[in-house]
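Beneath this line is the structure, given in structure tokens, with notes to follow.
Quick caveat, the model's predicted, so the values are computed rather than measured.
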Amino acid sequence: MESPVAPSAQLTQQPARRAPATRHYPGIFRFPAVRQLIRFTGVGVICTASSLALYALLRQWVDPQLANAAALIVTSVMNTALNRRLTFKITSNRKRAQDHLNGLILIAIALLITGGSLGILHAVHPASTVSDELWTTTLSGFVATALRFTLLRHWIFRRARHI
């Protein structure tokens, strides 16, 4: 014989809840940093090509430092927006302005690295060509890019680090 408490306990009992569905990635893709680095690289290719094209265009009328600064500023704003959306999957407007303000600091760091490399190039080889300047800014841009990814992941977008 059943006790009178058992039926009422069955009525109030909640159904078992399942854990939310998560994607399972194979191999090294299970690490969020790897997935982010791949997306970051795609954004970087787009922004680097845009920056080089803008630099080459502006270089016809202005000196190398100004062309570099203008190209970097324009493409860095685009880079922060694309990385926010694509690399770190942040779609809300929350903290967007703060993210872009922090991105300005990354622009300043990139300007120091690439502008410094151009200064060294012109000190060592005053008769350098636009092609030499493009190679110099590209190579120093790799250093700036590695630093940018690290700072985006661990400082600006740390709230989305595990996506």
Hydrophobic cluster (4.5 angstrom, side-chain heavy atoms) - remaining members for [X]:
X: L111; result: L72, I73, V77, L101, L104, I107
X: I120; result: V124
X: W135; result: none

Considering only heavy atoms from C-beta outward, does the side chain of [X] approach that of [Y] to under 4.5 Å?
X: I90; Y: R85; value: no
X: L139; Y: S117; value: no
X: L58; Y: L66; value: no
X: R153; Y: N83; value: no
X: L152; Y: Q36; value: no
X: I109; Y: L151; value: yes

Sequence neighbours excluded, which residues qualify as side-chain hydrogen bond (donor to acceptor under 3.5 Å, both in side chains) partners of [X]?
X: Q60; result: none
X: T75; result: none
X: T145; result: none
X: R96; result: N93

Using 30° and 60° as the class limits, which term best fits the ring planes of F88 and F149: parallel, tilted or perpendicular? parallel

Is [X] linked to [Y] within one hydrophobic cluster, defined over Ile, Leu, Val, Met, Phe, Trp and Tyr using a side-chain heavy-atom separation of less than 4.5 Å?
X: L37; Y: L147; answer: yes
X: L112; Y: L121; answer: no
X: I38; Y: V45; answer: no
X: L106; Y: F40; answer: yes

Among all residues two or more places apart in sequence or in another chain, which pass the salt bridge (charged side-chain N to carboxylate O under 4.0 Å, His left out) test with R84? D99

For the side chain of [X] and the backbone of [Y], is there at least one donor-acceptor N/O pair under 3.5 Å apart?
X: R30; Y: G27; answer: yes
X: R59; Y: A67; answer: no
X: T129; Y: D132; answer: yes
X: H122; Y: L118; answer: yes

Which pairs, with at least one residue in residues 41-56 and sequence neighbours excluded, count as a side chain to side chain donor-acceptor pair (under 3.5 Å)? Y55-E133

Listing request: all side chain to side chain donor-acceptor pair (under 3.5 Å) pairs with a residue in residues 62-74, at least two apart in sequence or in separate chains. N68-T114

Starting at OG of S76, measure out to CD1 of I105 and round the result to the nearest 0.5 Å. 13.0 Å

In sequence, state the C-alpha distance, the side-chain angles, and the governing distance for R148 and T80, and then conclude on side-chain contact (heavy atoms from CB on, under 4.5 Å). CA-CA 10 Å; R148 181 178 186 82; T80 300; 2.7 Å; yes

H100 and A81 have their tightest heavy-atom pair at CE1-N, 3.7 Å

Show the nearest heavy-atom pair for residues L54 and A70, with the distance to one decimal. CD2-O, 4.2 Å

Checking A144 now: which residues fulfil side-chain contact (heavy atoms from CB on, under 4.5 Å) with it, not counting sequence neighbours? A110, I113

Pairs meeting criterion salt bridge (charged side-chain N to carboxylate O under 4.0 Å, His left out) with involvement of residues 108-128, two or more places apart: none

